[in-house]
Amino acid sequence: AVRAVGGFDEELRTGEDVDLVWRLGDAGWRCRYDPRVSVRHEPRASLAGVVRQRIGYGESAAALHRRHPGRLAPVAFSPWSLAAWLIPVIWARRTWAPLAGAAVLGTATLRLRRSMPELPASIVVSTVWRGSTATGVALARAVRRVWWPLVVVAAVRSRVARRVLIWSALAARSPGVVLDDAVYGVGVWRGVLRHRTVGPLLPRRVSGRPERRSTSNYRPSP
């Protein structure tokens, strides 16, 4: 299977494994993670080595975007989940903001229930709740990893931008995670400038309703 899709792309120094897995998927193969398998490797021996590694990983985003447009968006969101988070963040001092965010999620739940009546109500509620939670986590990570240079500049004058920075940092739950994401973001921006593409910086909109996926075009690995 690996030979059939051309093997690893020798032009990529990082991200070559991601590229290979995506090309295998496009060719119809199913790639899965097996938690029973342990793979040992030598970690970087110094902090400088770790920093260079993380920057390199971030820099691969632009090269991967050129090969697979749209697949490496910093966050994929539905308009409903995005609105449910942005309203309380932007209008944090308004007493109605949390209620407005909850109303958005309630409306999304009713819409999903109406469009997919075959689903149990508990599944509908769980789907909307999990989707909204995942969007919030992804947005916070995107701020720390990719958008932080823009948000930092905006924070000089914008109270909302400062609030977004604080919220994203608190969501990390660890200063080490914040630092790791910021270093990775340096690499992302280096790749963006090097390859002259803003693709890795742009979010991707997704449908608010679950997709009915077909696996008929997949064949199991031998």
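Computed from heavy atoms alone, side chains included, the values below leave out hydrogens, waters and symmetry copies. Sequential numbering from 1 along the given sequence is applied to the chain's residues.
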query: Among the clusters formed by ILVMFWY side chains lying less than 4.5 Å apart, do Val2 and Trp29 turn up in the same one?
result: yes

- line: In short, Gly7 meets Leu20 closest at the heavy-atom pair O-CD1, 3.8 Å

- line: Sequence neighbours excluded, the answer for salt bridge (charged side-chain N to carboxylate O under 4.0 Å, His left out) partners of Arg23 is Asp19

query: Among all residues two or more places apart in sequence or in another chain, which pass the salt bridge (charged side-chain N to carboxylate O under 4.0 Å, His left out) test with Arg141?
result: none

Ala155 backbone acceptor or donor facing Ser158 side chain under 3.5 Å: no

- request: Quick one: closest heavy-atom pair of Gly56 and Thr14, and the distance?
  value: O-OG1, 3.0 Å

field: Side-chain (Arg190) to main-chain (Glu59) donor-acceptor, under 3.5 angstrom
entry: no

message: I'd like to know if Arg67 and Glu11 make a salt bridge, using a cut-off of under 4.0 Å between side-chain N and carboxylate O.
response: yes

- prompt: What orientation do Trp91 and Trp96 show, parallel under 30°, tilted 30 to 60°, or perpendicular over 60°?
  reply: tilted

query: Under a 4.5 Å side-chain heavy-atom rule over Ile, Leu, Val, Met, Phe, Trp and Tyr, are Leu12 and Phe8 clustered together?
result: no

statement: Scanning both residues in full, the closest heavy-atom pair of Leu64 with Gly15 reads CD2-O, 3.5 Å

field: Leu150-Val143 co-clustered via ILVMFWY side chain contacts under 4.5 Å
entry: yes

message: For a quick test of reading the model, state the closest non-hydrogen atom pair linking Asp181 to Arg145 and the distance between them.
response: OD1-NE, 3.2 Å

query: Measuring from Arg157:CZ to Arg159:CZ, what's the distance to the nearest 0.5 Å?
result: 14.0 Å

query: Are Val137 and Trp167 linked, directly or through other ILVMFWY residues, by side chains that come within less than 4.5 angstrom of each other?
result: no

task: Evaluate the side-chain proximity of Leu82 to Leu139: yes if any heavy-atom separation is below 4.5 Å, no if none is.
output: yes

task: Hey, could you give me the CG/CH2 distance between Asp17 and Trp22, rounded to the nearest 0.5 Å?
output: 10.0 Å

Co-membership, hydrophobic cluster, residues Leu170 and Val178, 4.5 Å side-chain: no

- request: Could you check if a side-chain atom of Trp189 sits within less than 4.5 angstrom of a side-chain atom of Leu201, using non-hydrogen atoms only?
  value: yes

message: Is there a side-chain contact between Thr135 and Trp80 in this structure, where contact means two heavy atoms from C-beta onward sitting under 4.5 Å apart?
response: no

- request: Evaluate the side-chain proximity of Ile55 to Arg52: yes if any heavy-atom separation is below 4.5 Å, no if none is.
  value: no

query: Just by distance, do the side chain of Arg163 and the backbone of Val89 share a donor-acceptor pair under 3.5 Å?
result: yes

field: Separation between OG of Ser126 and CG of Leu119, rounded to the nearest 0.5 Å
entry: 11.0 Å

query: Looking only at heavy atoms, what is the nearest atom pair of Val128 and Leu105, with distance?
result: CG1-O, 3.9 Å

message: If we ignore hydrogens and angles and just use 3.5 Å, is the side chain of Ser132 paired with the main-chain N or O of Trp129 as donor and acceptor?
response: no

message: Looking at Arg71, I want to see if its CZ is surrounded by more than 12 non-hydrogen atoms of other residues, nucleotides or ligands under 6.0 Å.
response: yes

- line: The side chain to side chain contact (heavy atoms under 4.5 Å, CB included) partners of Val152 (sequence neighbours excluded) come to Trp148, Leu165

field: Heavy-atom side-chain contact between Trp147 and Val188 under 4.5 Å
entry: no

- request: Report yes or no: does Ser115 contribute a side-chain atom to a donor-acceptor pair with the main-chain N or O of Arg111 at less than 3.5 Å?
  value: yes

message: The test is side-chain contact (heavy atoms from CB on, under 4.5 Å); show your working for Val192 and His65 and say whether it passes.
response: CA-CA 10 Å; Val192 164; His65 172 76; over 6 Å; no

message: Please report the interatomic distance OG1(Thr127) to CZ(Arg130), rounded to the nearest 0.5 Å.
response: 7.5 Å

query: Where do Arg13 and Glu10 come nearest, in terms of heavy atoms and distance?
result: NH1-O, 4.1 Å

field: Any Pro200 side-chain heavy atom under 4.5 Å of Leu72 side chain
entry: no

query: Under a 4.5 Å cut-off applied to non-hydrogen side-chain atoms, are Asp180 and Arg54 in contact?
result: yes

